[in-house]
Amino acid sequence: MAAKTKFRGSFTALVTPFKNGALDEAAFRSLVNWQISEGTSGLVPVGTTGESPTLSHDEHKKVVEWCIAEAKGRVPVIAGAGSNSTKEAIELSQHAEKAGADAVLIVTPYYNKPTQEGMYQHFKAINDAIGIPIIIYNIPPRSVIDMSVDTMKRLWELKNIAGVKDATASMVRVSQQRAAMGEDFNQLSGEDATIIGYMAHGGHGCISVTSNVAPRLCSEFHAAWQKGDTKTALAIHDKLMPLHNNLFIESNPAPIKYAMSLLGKLDETLRLPMVPVSEPTRVAVKSAMVHAGLIN
């Protein structure tokens, strides 16, 4: 029987703060506590938003460990552990399990462009190497490949495959996946801007970029939705929509780090090849934050 996860609501795809070229542990731990105090349902360290491509393996593991240690079991932690090398993904997943993560987030292998069978074997190898749930991260805009519903259904038969972070932005896909795998297949959106449609099609929550800077509003959106208060959910969605859009004018996580620097949560520092956002994007992000009531 496949693993079951009941992840619901707003999960934050955490940024990784840097200072003087190194990880900023104090800022990161402070972010974890702030997120939890603001009502965030769960935390996802070292995904794309956490600049995982430019972290060393040691840094990656430290961030996972800090997140789990600081969360202290108050909310679930889904540790980013994906790679386009199956061996590397297994190593990172085994570390996350040992560190105490509740689940791992595994991206479809980017750049290599494996076939559907290659993707199946990649995820099966990780499944066979660990004992905690796996959330498939399907993000064709970044990985180029798109995992089919049929492949997902095959994987769902394995013991640790529990759900998907769906960044296809396709509402049709949510319904197709629910029809193929059933309600127990944990469907989390990876696209903030389409979240209200995603939930309407039967989604369970969101692994969010916006919630880095607006954790309370994102949490309130999901709380309203779960109560069936669609009017309030839509009002919050409208409040957040400019942020959902403007945080992606330039490549994530540059805009969200700028937004968080406006709140004094961290330095805007990024690692190359990521660079700080341009002036027009700063204006757009700032305007969206005013619209959301996060700054004056």
Side-chain angles (χ1 to χ4, degrees), residues 2-3 5 11 13-16 18 22-23 43-68 77-148 150-168 188 190 207 209 251-253 270-274:
T5 48
F11 279 63
L14 291 166
V15 299
T16 302
F18 301 119
L23 299 176
L43 300 169
V44 186
V46 287
T48 312
T49 307
E51 291 176 80
S52 56
T54 51
L55 299 188
S56 69
H57 282 194
D58 284 346
E59 288 174 327
H60 182 116
K61 291 171 182 177
K62 278 180 186 172
V63 172
V64 169
E65 289 164 8
W66 295 342
C67 188
I68 292 163
V77 173
I78 307 174
S83 172
N84 60 346
S85 158
T86 306
K87 184 179 177 183
E88 189 173 284
I90 288 171
E91 183 198 340
L92 294 173
S93 297
Q94 289 174 332
H95 169 267
E97 179 176 19
K98 189 176 177 183
D102 297 277
V104 288
L105 180 68
I106 306 291
V107 70
T108 51
Y110 42 88
Y111 193 72
N112 318 42
K113 294 180 72 175
T115 61
Q116 295 297 316
E117 181 62 26
M119 278 190 275
Y120 175 81
Q121 294 297 339
H122 174 79
F123 279 89
K124 184 180 185 301
I126 301 164
N127 169 87
D128 294 349
I130 61 172
I132 57 174
I134 295 167
I135 304 296
I136 299 161
Y137 184 10
N138 193 30
I139 181 165
R142 281 193 186 252
S143 67
V144 182
I145 51 172
D146 182 3
M147 184 182 285
S148 70
D150 286 345
T151 301
M152 233 171 254
K153 188 175 181 181
R154 284 181 72 199
L155 286 168
W156 175 231
E157 295 169 5
L158 304 177
K159 65 183 175 73
N160 293 317
I161 303 297
V164 64
K165 176 185 177 183
D166 186 335
T168 63
L188 303 169
I207 296 179
V209 173
S251 296
N252 179 50
L270 299 123
R271 280 190 176 167
L272 287 170
M274 303 303 296

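Note: hydrogens, waters and symmetry copies are ignored here, and every other heavy atom, side chains too, is used.
In this structure a side-chain-to-backbone donor-acceptor pair under 3.5 Å is present from Ser93 to Ala89. A donor-acceptor contact shorter than 3.5 Å is absent between the side chain of His95 and the backbone of Ile90. In this structure a side-chain-to-backbone donor-acceptor pair under 3.5 Å is present from Asn160 to Asn127.
Here CG of Leu92 is found 9.5 Å from CD of Gln94. Values are rounded to the nearest 0.5 Å. If you take OG1 on Thr48 and CG on Asn252, they are separated by 7.5 Å, rounding to the nearest 0.5 Å. Here Ile136 contributes atom CD1 and Ile126 contributes atom CD1; the two are 10.0 Å apart, rounded to the nearest 0.5 Å. With values rounded to the nearest 0.5 angstrom, Asn138 atom CG is found 8.0 Å from Ile145 atom CD1. How far NZ of Lys62 is from CG of Leu23: 6.5 Å, rounded to the nearest 0.5 Å. Separating the NZ atom in Lys153 from the CD1 atom in Ile161 is a distance of 16.0 Å, to the nearest 0.5 Å.
Across Phe123 and Ile134, no two heavy atoms sit closer than the pair CD2-CG2, 4.3 Å. Considering every non-hydrogen atom in both Gly190 and Lys165, the closest pair reads CA-CE, 3.7 Å. Residue Ile68 comes nearest to Ala101 through the heavy atom pair CD1-N, 3.4 Å, listed as atom of the first residue, atom of the second, then distance. Of all non-hydrogen atoms in Val104 and Ile132, the two that sit nearest each other are CG1-CD1, 4.0 Å. Across Glu88 and Ser83, no two heavy atoms sit closer than the pair OE2-OG, 2.9 Å. Nearest approach of Pro45 to Val63, heavy atoms of both residues: CB-CG1, 4.1 Å.
Among residues two or more places apart in sequence or in another chain, the side-chain hydrogen bond (donor to acceptor under 3.5 Å, both in side chains) test is passed with Ser85 by none. Every residue two or more places apart in sequence or in another chain that forms a side-chain hydrogen bond (donor to acceptor under 3.5 Å, both in side chains) with His122 is listed here: Thr86. Annotation: salt bridge (charged side-chain N to carboxylate O under 4.0 Å, His left out) contacts of Lys61 (sequence neighbours excluded): Glu91. In terms of the salt bridge (charged side-chain N to carboxylate O under 4.0 Å, His left out) criterion, residue partners of Arg271 (sequence neighbours excluded) are, by chain and number, Glu59.
The only member of Val44, Val164, Leu105 that meets side chain to side chain contact (heavy atoms under 4.5 Å, CB included) when paired with Tyr137 is Leu105.
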Quick one: do Thr168 and Asp166 satisfy side-chain hydrogen bond (donor to acceptor under 3.5 Å, both in side chains)? Show the steps, please.
CA-CA 6 Å; Thr168 63; Asp166 186 335; 2.6 Å; yes
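Taking 4.5 Å as the limit, some side-chain heavy atom of Tyr120 sits within range of a side-chain heavy atom of Leu155. Looking at heavy atoms from C-beta onward, Gln116 lies out of side-chain contact with Asp146 at the 4.5 angstrom threshold. Looking at heavy atoms from C-beta onward, Leu14 lies out of side-chain contact with Thr49 at the 4.5 angstrom threshold. With a 4.5 Å cut-off on side-chain heavy atoms, Ile135 and Ile106 do not count as touching.
Thr16 and Glu51 form no side-chain donor-acceptor contact under 3.5 Å, judged by distance and modelled atom types alone. The closest side-chain donor-acceptor pair between Asn112 and Asn84 falls under 3.5 angstrom.
Pairs of residues two or more places apart, or lying in two chains, never qualify as salt bridge (Lys or Arg N to Asp or Glu O under 4.0 Å) while including a residue from residues 93-112. Residue pairs that meet the salt bridge (Lys or Arg N to Asp or Glu O under 4.0 Å) test with at least one member in residues 107-131, sequence neighbours left out, are Glu117-Arg154, Lys124-Asp128.
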